[in-house]
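Only one structure is covered here, and it is reproduced in the block below.
Remember, it's a predicted structure, so these values are computed and weren't measured experimentally. Order of listing sets the numbers, starting from 1, for every ligand and every atom in it.
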Amino acid sequence: MSTWQHVVGASRLLDPGSGLDGPGEIWIRDGTIAAITSPGAAAPAEVQPEDQVTVIDSAGTLVTPMFVDIHVHLREPGGEEHETIASGAASALRGGYAVVYTMPNTRPTCDEPQRIAHVNRLAAEAGDVEVISVSALSRGLQGERLVDLEAMAAAGAGGFSDDGAWLADERLAREALRWAARNDVLVMQHCEDFQITGPGVLHECTCVQRRGLPGIPRASEDRAVERDVRLAEEENARLHICHVSTAGAVDAIRRAQARGLPVTGEVTPHHLVLTAEDAVAGGTDFKMKPPLREQEDIDALIEALADGTLAAVATDHAPHSDARKAVGFAGAPFGAIGVETAFCVLYTRLVVPGALSLARLVESLTSSPCTVVGREAPRIAPGAPAQINWIDIETARTVDRETLVSRSHNCPFHGLSLVGWPVASLLGGALRAHFEEIGVRIRTTRQG
Ligand SMILES: [Zn+2]
Ligand SMILES: [Zn+2]
């Protein structure tokens, strides 16, 4: 006997990675997608009279594959007052994510194989969201000695990054890229020349200067991207640029891709919709690395996301407790949370006004990030495990930092009225509701 789930009533099934876009119904057998049918079509021939069929009434929602975030910070071990693997996974699930890649700047640093095993154990206890560890490039993120790259790859590292720091030492960076090229693993660089950043806390512009705050020039990012692109080219290595924030970095990536280099980039929701002026007005929840820039950068980022120059949306979900953030711009740590609001922020601010297509937004959260890191994407296609989001693109809800699932509340979107909330997800065989009053419901259980 098989257990079936039958998804009906969706306004649209959208999986750009599988070429699926339109009305339809999904038949799921024992957790695996068995068939996509047109609305009202007969049950697949495999459904037996003794099988149990649960109907999931999608009530006019948008149905997509679940999302993959290739850049988050879950803080455990060592930062449990800000986030844990369990709270971060729950936060990700509520945002519609099935998979997150967690960065290595924990305490201790993820620079030994047993640290990956530890995260894997915690993630398995936490539930069904897959948590992949990104290994440090250098021991302790100190930029002096590389980790045992081979051992970390063997332990399951999903990529290599000194995120939070930049591997400035050119000899070491070259060595890492050379090894990565030989072994087909991915280096993910946080590109920041810290000599140019200096004491900067927000983007260098007049509104920040007027507040008497030290700025971070665009050159801090642009120079680092240019150096890394040059090294990757010389070593014939794949290179991924984290959280691109400047028009100059977009330009460097675009030129590299035009030369045929396998350079990819990601962009965060906050860099796509917020400016330095918002940061000055909004407070320390808007202080992050790289800093929020200016409209000309936002325009370049949106164009690059739309045309694929920037492959993926990644949130750089970076939880910090209220106490750590409540010390003013100069002393507060860099970072903002993001997994719970990523889709609704980008749907409301980019898709609704027509700056980005819905299909490209979904692609940049599903198949595109998976192409960057070289993994199977969640898909709505026969044979794929059922990892499905239901998204309400009608009902406006106001972001309330206090009701988010993350252990931290440093959300720069607090108070915004947004549409496009994931209201339910199907992961690990179970339908999870993200709100009390959702449209999606299990309508009936019947025999097939
Ligand atoms: Zn970073
Ligand atoms: Zn980061």
* Structure fact -> Minimal heavy-atom distance between Leu272 and Ile298, with the atoms involved, is O-CG2, 3.2 Å
* Worked verdict on Asp322 versus His409 for side chain to side chain donor-acceptor pair (under 3.5 Å) -> CA-CA 7 Å; Asp322 287 353; His409 310 294; 4.8 Å; no
* To do: Give me the protein N, O or S atoms that fall under 2.8 Å of the Zn ion (ligand 2), sorted by chain and residue number.
  => His71 NE2, His73 NE2, Asp163 OD2, Asp316 OD1
* Distance under 6.0 Å and angle within 45° of ring axis: Arg401 vs Phe413 -> no
* Sequence neighbours excluded, every pair satisfying salt bridge (charged side-chain N to carboxylate O under 4.0 Å, His left out) that has a member inside residues 297-312 -> Arg218-Asp297, Arg254-Asp307
* Mind jotting down which residue pairs meet the salt bridge (charged side-chain N to carboxylate O under 4.0 Å, His left out) criterion with at least one end in residues 189-215? Sequence neighbours excluded, please. => Glu192-Lys289
* To do: State which residues pass side chain to side chain donor-acceptor pair (under 3.5 Å) with Arg223; sequence neighbours excluded, sorted by chain then number.
  => none
